[in-house]
Amino acid sequence: MAEVRGSNTWRDELASLVEDTGIRYVADPIMVSMPAFEAEAATITADYVSEEARDDKSEPSESLKEQMRGFAMAWGEILMELGRGCRDIVQQSFLTEDSYIVRKLQKPCARASAKLRYFNEFLPEDRDPAHAWPVVFFVFILALAALLVSTVLRSALLHRSRTSLSCSCSTLLTDSLPNIAMNVNTKDGSLVPPVKKVRIHPPNATRILLPDGRHMAYLEQGVPADRARFSIISPHSFLSSRLAGIPGIKMSLLENFGVRFVTYDLPGFGESDPHPSRNLNSSAFDMLHLADAVGISDKFWVLAHSGGSMHAWAALKYIPNKVAGAALFAPMMNPYEPGMTREEMKRTWENWLPRRKFMHFLARRFPRFLSSFYHRSFLSGKLGRIDKWLSFSLGKKDELLIEEPKFEELWDRNMEESIRQANVKPFIEEARMQVSDWGFRLSELQVQRRCQGRGILPWIRSMYNQAECELTGFLGPIHVWQGMDDHVVPPSMADYIVRVLPETIVHELPNEGHLSYFFFCDECHKQILSTLFGPPQGPVVNNVEIEQNPLEEDEVEKQ
């Protein structure tokens with residue numbers, strides 16, 4: 001019976017569903033008799049099967065591409081729903097106010113947000129930070145991508161030109177392309193002078209040996225040591241050298257006031273050996289060793305301009321007993337100085353170019369990134385304007401000054417001497433020190449009366465015994481000359497100096513800029529020396545001559 005069921009056809013199955021007629025089929029069944037309703041059912045079934053066959057032939061089967069597309073869409077919908085579910089789970093389980101993650105990350109996120117909110121001060125007042133910063137970030141990414149593409153294209157073009165042209169032709173093409181491009185950009189079509197190249201001059205500095213084995217290069221001007229009435233030591237500013245000093249000062253003026261003027265190269269600049277790990281403390285003691293080496297036995301004055309002022313402040317802090325006074329011109333302070341008020345900080349940053357703000361940020365947070373910028377600017381082997389290489393925004397008088405040939409000649413020679421060693425590390429160190437913690441606060445230089453011991457008894461004893469109390473801070477005079485039209489070192493920095501050091505004498509200079517009062521101004525130089533040393537008295541007369549004069553007079557009288 002089981003074998004018969006296994007060989008049944010679909011007709012047997014259909015008949016079994018309708019009614020059991022008692023008819024059985026064998027291996028080759030022959031229909032003996034069939035009721036009318038079974039015949040009708042078989043006819044209907046046959047018609048239905050034939051219609052399905054026709055439909056299958058009329059409609060083509062689905063292609064593999066459409067099947068894959070449907071499969072991908074189905075999986076995409078599944079993944080989307082899965083992501084929504086995971087998001088809901090995270091929001092309901094981990095991002096609630098009482099969750100562990102929120103409680104742990106809430107305070108660090110708040111502190112980070114407070115620090116980043118500082119950058120909102122550089123946005124215009126009518127801009128929403130939530131909308132402005134995404135735009136700034138997007139523009140930065142586009143600019144970076146454009147810079148990378150231009151660098152790749154430029155390298156590819158240079159490689160192609162080198163392989164296809166001879167040396168002479170490629171040199172001619174390289175020299176002519178910048179001139180052609182600059183002539184196209186000019187309005188009047190006038191010829192533009194070619195870019196000047198840096199020249200390395202033969203060594204010509206006098207050097208001393210420091211206690212740690214380094215050599216320091218220096219330059220001496222004015223009267224000699226045995227006839228000097230006053231001695232001045234001057235550290236130079238960024239991208240400068242010992243050749244700067246007081247630009248354009250006449251030697252006759254130094255002789256009239258009996259001044260011995262000594263300038264030197266900072267470590268790694270000019271012909272001075274680099275320092276392995278310099279800071280402002282080591283800078284002050286380098287100045288002290290220089291004074292001892294050149295024979296300055298008495299106290300000396302420190303004179304500095306712009307960024308060199310931080311080395312002068314260090315001398316007032318670490319070697320105050322050797323410094324007679326300080327003369328600072330447009331002294332550059334740390335723009336991140338925590339002692340500045342919000343108003344002073346705003347006035348300091350508002351007139352600076354965006355590039356300069358960015359360079360200060362890099363020097364403070366990522367100083368190593370400065371190497372690329374410096375190699376593309378003043379370490380590129382080309383000479384450029386001071387405002388271009390240092391990202392300065394100059395006032396009117398400064399703009400007129402830098403166009404003069406004598407300023408251009410001094411700037412080019414001074415810059416060539418500054419980058420003589422072609423080492424980027426000293427410049428990064430100088431920029432980093434300018435915007436980092438100096439190791440002391442300016443308020444520590446204020447003269448204060450400090451008594452030994454603490455408590456009631458030492459205080460009562462100090463009221464009757466003045467010898468136990470001493471004055472601390474810098475006791476000498478501090479003079480600051482500040483141009484009111486200075487866009488490089490704004491007057492707000494001088495205001496901060498006066499606020500923390502009330503004894504400072506500030507000379508405000510109306511309509512003067514960052515360079516105009518200090519560079520190539522004979523009358524200004526005379527006023528500066530008169531302010532520091534009084535009326536000119538000439539050099540000191542030699543004591544030997546004073547002792548010999550009476551003897552000579554006696555001999556003349558005897559004859």
Side-chain angles (χ1 to χ4, degrees), residues 207-220 222 225 228-237 242 245 259-269 272-329 331-334 426 429-430 433-434 436-450 470-480 497 500-501 503-505 532-533:
R207 304 206 304 173
I208 62 170
L209 181 64
L210 299 176
D212 59 358
R214 293 181 294 114
H215 289 87
M216 175 182 287
Y218 73 95
L219 176 65
E220 188 173 350
R229 192 177 297 273
F230 306 100
S231 298
I232 299 177
I233 296 181
S234 177
H236 60 78
S237 58
R242 68 186 184 281
V259 174
R260 184 189 185 195
F261 191 63
V262 181
T263 59
Y264 66 97
D265 289 330
L266 293 174
F269 291 77
S272 290
D273 295 337
H275 194 288
S277 57
R278 71 185 180 111
N279 51 30
L280 290 183
N281 191 325
S282 65
S283 179
F285 283 96
D286 281 354
M287 201 180 304
L288 177 62
H289 297 320
L290 174 64
D292 295 337
V294 298
I296 300 178
S297 57
D298 298 332
K299 292 185 176 181
F300 58 87
W301 285 72
V302 289
L303 183 147
H305 174 254
S306 190
S309 300
M310 64 176 175
H311 303 287
W313 293 121
L316 303 187
K317 169 61 180 177
Y318 296 113
I319 53 172
N321 296 331
K322 289 290 295 182
V323 180
L328 308 177
F329 298 86
M332 178 68 182
M333 295 298 302
N334 182 0
E429 291 175 343
E430 193 75 5
M433 285 194 300
Q434 184 67 70
S436 303
D437 184 12
W438 287 2
F440 62 92
R441 296 289 181 87
L442 211 62
S443 57
E444 298 176 13
L445 302 178
Q446 185 177 358
V447 177
Q448 298 178 355
R449 187 167 173 264
R450 179 175 297 176
E470 61 178 359
L471 295 177
T472 60
F474 181 68
L475 305 179
I478 302 176
H479 291 268
V480 173
I497 295 174
V500 297
L501 296 176
E503 296 85 3
T504 303
I505 304 171
L532 298 179
F533 309 126

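Hydrogens, waters and symmetry mates play no part in the numbers below; they use all other heavy atoms, side chains included. Sequential numbering from 1 along the given sequence is applied to the chain's residues. Predicted model, so just to flag it, every value in this text is computed and none were measured.
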Minimum heavy-atom distance between Lys322 and Ser297, given as atom pair plus value = NZ-O, 3.4 Å

Test side-chain contact (heavy atoms from CB on, under 4.5 Å) on Ile478 and Glu503 and set out the steps.
-> CA-CA 8 Å; Ile478 302 176; Glu503 296 85 3; over 6 Å; no

Rounded to the nearest 0.5 angstrom, the CD-OG distance for Gln434 and Ser237 is 10.0 Å

Between Pro426 and Pro267, the two heavy atoms sitting closest are CB-O, 3.7 Å

Distance-minimising heavy-atom pair for Ile208 and Ala293 = CD1-CB, 3.6 Å

Minimum heavy-atom distance between Trp301 and Ala324, given as atom pair plus value = NE1-CB, 3.7 Å

Once you round to the nearest 0.5 Å, how far does CD1 of Ile319 lie from CG of Leu288?
-> 5.0 Å

His236 side-chain N/O to Leu266 backbone N/O, donor-acceptor pair under 3.5 Å = yes

Starting at CG of Asp273, measure out to NE2 of His215 and round the result to the nearest 0.5 Å.
-> 6.5 Å

Exactly one of Val294, Val259, Ile296 clears side-chain contact (heavy atoms from CB on, under 4.5 Å) with Ser231, and that residue is Ile296

Nearest heavy-atom contact between Pro235 and Tyr264 is CB-OH, 3.4 Å

Given Val323 and Phe300, is the side-chain contact (heavy atoms from CB on, under 4.5 Å) satisfied, shown in steps?
-> CA-CA 5 Å; Val323 180; Phe300 58 87; 4.3 Å; yes

Donor-acceptor pair, Ser443 side chain versus Val500 backbone, under 3.5 Å?
-> no

Once you round to the nearest 0.5 Å, how far does OG of Ser283 lie from CH2 of Trp438?
-> 11.0 Å

Report yes or no: does Thr263 contribute a side-chain atom to a donor-acceptor pair with the main-chain N or O of Arg242 at less than 3.5 Å?
-> yes

May I have the step-by-step check of side-chain contact (heavy atoms from CB on, under 4.5 Å) for His275 and Asp212, ending in yes or no?
-> CA-CA 10 Å; His275 194 288; Asp212 59 358; 4.2 Å; yes

Rounded to the nearest 0.5 Å, how far does CG of Leu442 lie from CH2 of Trp313?
-> 4.5 Å

Any idea which heavy atoms bring Met216 and Asp265 closest together, and the distance?
-> CG-O, 4.1 Å

Passing candidate, side-chain contact (heavy atoms from CB on, under 4.5 Å) with Phe440, options Leu280, Asn281, Leu316 = Leu280

Is the closest side-chain heavy-atom distance between His311 and Val302 below 4.5 Å?
-> no

Asp286 with Arg278: basic N within carboxylate O range, under 4.0 Å | no

Derivation of the side-chain contact (heavy atoms from CB on, under 4.5 Å) call for Met310 and Met332 | CA-CA 7 Å; Met310 64 176 175; Met332 178 68 182; over 6 Å; no

Ser309 side chain to Leu328 main-chain N or O, any donor-acceptor pair under 3.5 Å?
-> no

What distance do Leu501 atom CG and Gln446 atom CD have between them, rounded to the nearest 0.5 Å?
-> 6.5 Å

